[in-house]
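In what follows, every heavy atom counts, from backbone to side chain, and hydrogens, waters and symmetry copies are set aside.
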Amino acid sequence: MKLLKIFFFFFTLSLSAQDISISKIEPLNWWTGMKLNSIQLMIYGNNLSDFSAEFSPKGPIINKINSIQNSSYAFIDITIPKTMKPGKYELILKKGSSKAIFEYSFLERENNKNNFQGFSNQDIIYLVMPDRFADGDLSNNKIDGYNDPFDSLKTQRRYGGDIQGLIDKLDYFVNLGITALWINPLVENNTFRSYHGYAATDFYNIDPRLGSNALYKELVNKAHSKGIKIIVDHVANHFSKDHPWTNNLPMENWINGSIEKHLNASHHKMVFTDPYSDSSTIKHVEKGWFTDYMPDLNHDNPFVQKYITQNTIWWIESSGLDGVREDTYPYCGQKFMSQWAAAIMNEYPKLNIVGEVWTGEPQFLAGYQKDNLYRGSFNTNLPALTDFGFRDVLVNYLQGNRGIYSIYELLTNDFLYKEPSNLVTFIDNHDVARTMFYAKDNIAKAKIAYTLLFSMRGIPSFLYGSEIGMVGTEDHGELRIPFPGGFQNDSRNAFEKEGRTIYENYIFDFISKLIHVRKNNEALSIGKTIHIPPVNETYIYFRITENQKIMGAINNNTREQEIDLAELKNILGKSRTIKSLMNETEIEIPADYKLKLNPLSAELF
């Protein structure tokens with residue numbers, strides 16, 4: 001009898017081990033009424049092979065159960081009929097006598113005019129690394145199961161900033177004048193050096209140390225109510241080696257190579273426009289791992305392609321955000337990224353997508369923008385680019401390596417771009433040192449650089465804290481220093497005038513004024529540009545619309561300079577009075593049309 005009981009125990013255990021089960025489905029849900037109404041469900045569980053599937057009640061149509069070798073996953077292609085009602089549907093999987101049931105939601109789309117606005121040259125983007133900005137919820141600073149071995153290192157540890165901190169500072173953003181927030185990745189990064197967010201361990205959930213999916217949605221809604229757009233920082237190229245996938249890949253070719261053997265990173269981003277590139281060189285750029293601790297997704301795998309596209313659309317739809325900043329764009333499979341961008345823009349025609357392309361040469365950078373004339377029949381479908389060329393020129397100017405002519409020279413290359421107005425311009429970001437670090441205390445030169453940033457074509461952006469003149473170093477951990485006043489034990493609050501130093505208030509007032517001048521004068525954002533070749537380190541340019549004409553005047557000399565405006569009468573018109581937009585004083589143009597400019601100065605008239 002005892003032997004019989006033991007037999008039945010192990011027999012039952014064996015049967016139980018063969019039971020089919022579902023632990024998770026991605027995307028977490030979908031919607032009725034989407035253009036993308038045929039999607040692929042990625043099922044996580046056990047014994048997911050040789051099963052049948054159906055929905056109850058009937059509604060979603062199961063098109064195909066894809067056969068793969070790893071029974072820990074299944075991929076089911078479904079279609080959501082246009083007439084299907086939103087609601088909860090049970091996905092039922094049957095395998096022999098075993099059955100698994102998972103409730104899956106198809107939601108009704110929101111009808112919110114504030115969602116999916118896009119961003120343009122009429123916006124000013126503020127880049128913020130949430131962990132280093134403001135801690136609005138002390139309770140989520142330590143979460144069981146989330147430990148970062150770098151937390152003992154001052155510059156590499158988490159500080160506790162979060163989504164609630166961003167919500168709490170929305171009025172600060174409004175007063176500063178910014179109209180869009182680009183927030184570094186917020187998805188779960190349960191790994192080392194996790195504060196930056198670029199090594200996902202879960203693509204569908206906000207890191208609990210930063211908040212929750214619901215709180216992110218609240219941030220978007222509250223930001224929209226105050227006239228601020230939200231740009232998601234999305235990563236299609238790679239994920240963390242601590243992602244659960246790493247120890248149990250859905251497919252052998254889910255990633256490029258393996259943890260043990262893979263191509264290293266290749267940074268030759270010009271290969272895609274180089275008419276003489278070899279296919280092996282292109283392959284190395286697309287399939288090389290950015291770092292050894294971030295496995296590289298295989299964009300030639302159609303299942304990976306659907307996963308990434310659906311993930312991007314899911315975040316847009318679930319939150320109502322307004323734009324996408326795509327990380328490490330050239331390292332992705334370019335054919336797939338073209339399809340990805342097309343799918344997003346088809347679903348959200350007003351949205352904007354900016355690809356991070358870290359190259360300062362316009363002849364290479366321009367080839368990544370959609371409808372470019374120099375890529376033959378291939379169209380990237382990528383609307384916007386990060387303008388590293390603009391950044392490089394201004395940094396070289398600040399460092400004293402180049403003069404003002406380099407600005408003029410850069411802009412003469414704008415013929416290479418299909419839409420230069422859709423370039424995201426910047427001097428600093430989370431990966432490169434801050435403006436004031438390069439300026440080396442030369443505030444006058446920094447003011448010239450900022451004036452160019454906020455008065456030229458493109459979509460200006462800047463890194464959090466630069467509005468108070470943060471300096472930092474070139475080290476990533478140090479340039480991403482915490483914002484003073486954002487954390488519990490800070491000795492002062494630089495979010496308020498009284499908590500800032502004289503220097504910080506000076507920089508803040510100047511940048512805030514520049515931002516508001518750009519916002520209140522349409523020519524600075526949407527106007528056409530006319531500029532004159534610089535002479536003796538003086539540079540004159542105009543931004544012009546039908547309703548407005550603004551002149552910029554730069555003097556990069558340490559002495560007062562006189563400029564001759566006589567040859568510009570055709571642009572200036574009959575008026576002999578010009579008004580400074582920064583200090584609101586009027587200046588009479590002399591009879592000889594010679595205007596004096598102060599040393600190391602930038603003026604907007």
Side-chain angles (χ1 to χ4, degrees), residues 125-133 148 150-159 161 182-185 189 192-199 233 235 264-267 269 290-294 325 327-331 356-361 365 386-402 406-407 410 424-450 452-453 460-484 486 494 501 503-504 507 511:
I125 299 173
Y126 188 88
L127 165 56
V128 58
M129 182 159 281
D131 178 71
R132 300 296 174 89
F133 189 68
D148 191 328
F150 279 58
D151 273 351
S152 60
L153 303 177
K154 182 179 179 180
T155 62
Q156 303 299 323
R157 70 177 179 88
R158 300 185 73 94
Y159 276 79
W182 157 21
I183 307 168
N184 290 137
N189 274 229
F192 66 95
R193 201 191 288 115
S194 61
Y195 75 91
H196 58 70
Y198 287 95
D233 202 335
V235 185
N264 60 355
S266 173
H267 302 293
K269 305 175 190 71
F290 202 66
T291 71
D292 288 337
Y293 63 86
M294 293 194 293
R325 181 264 186 186
D327 186 60
T328 53
Y329 189 88
Y331 302 92
E356 182 206 23
V357 183
W358 197 330
T359 180
E361 295 84 1
L365 183 60
T386 50
D387 193 354
F388 272 91
F390 193 85
R391 176 260 171 189
D392 289 355
V393 163
L394 288 181
V395 167
N396 275 305
Y397 164 72
L398 290 170
Q399 292 178 311
N401 300 328
R402 300 285 300 275
S406 61
I407 309 292
L410 174 82
V424 175
T425 55
F426 63 101
I427 308 171
D428 52 17
N429 67 20
H430 62 296
D431 284 329
V432 295
R434 293 177 177 273
T435 303
M436 292 310 298
F437 172 82
Y438 291 121
K440 301 297 181 188
D441 298 325
N442 191 331
I443 295 176
K445 290 190 75 172
K447 288 171 67 176
I448 291 174
Y450 276 124
L452 288 164
L453 175 67
S461 68
F462 62 102
L463 180 62
Y464 78 96
S466 289
E467 74 273 21
I468 59 170
M470 280 186 178
V471 179
T473 70
E474 291 181 309
D475 175 78
H476 282 183
E478 293 181 355
L479 76 89
R480 303 163 181 171
I481 52 181
F483 197 106
T501 65
Y503 158 79
E504 289 172 339
I507 301 295
I511 290 180

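Residues that satisfy the side chain to side chain donor-acceptor pair (under 3.5 Å) test with Glu474, not counting sequence neighbours, are absent from this structure. Residues passing the ring-ring contact (aromatic ring centres under 6.0 Å, His included) test with Tyr195: none are found, sequence neighbours excluded. For the side chain to side chain donor-acceptor pair (under 3.5 Å) test, residues two or more places apart in sequence or in another chain that qualify with Thr435 are Asp428, Tyr450.
Formation of a donor-acceptor pair under 3.5 Å by the His476 side chain with backbone atoms of His430 is not found in this model. Counting only distance, with no hydrogens or angles, the side chain of Arg132 and the backbone of Tyr159 share no donor-acceptor pair below 3.5 Å. Judged purely by atom type and a 3.5 angstrom limit, Thr386 uses its side chain to pair as donor or acceptor with the backbone of Val357.
Asp475 has no carboxylate O lying under 4.0 Å from a charged side-chain N of Arg480, or vice versa, which leaves the two without a salt bridge.
Nearest heavy atom pair, residue Gly465 against residue Arg434, reads C-NH1, 3.7 Å. In plain terms, the two heavy atoms of Leu479 and Asp431 that are nearest each other are CD2-C, 4.3 Å.
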### Task
Starting from the C-alpha separation in whole Å, work towards a yes-or-no answer on side-chain contact (heavy atoms from CB on, under 4.5 Å) for Leu127 and Leu463.
CA-CA 5 Å; Leu127 165 56; Leu463 180 62; 3.8 Å; yes

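Relative orientation of the Phe388 and Trp358 rings is parallel, given thresholds of 30° and 60° on the angle between their planes.
Side-chain polar atoms of Tyr198 and Asn184 form a donor-acceptor pair below 3.5 angstrom.
Aromatic rings of Phe426 and Phe462 (six-membered ring for Trp) have centroids beyond the 6.0 Å cut-off, not under it.
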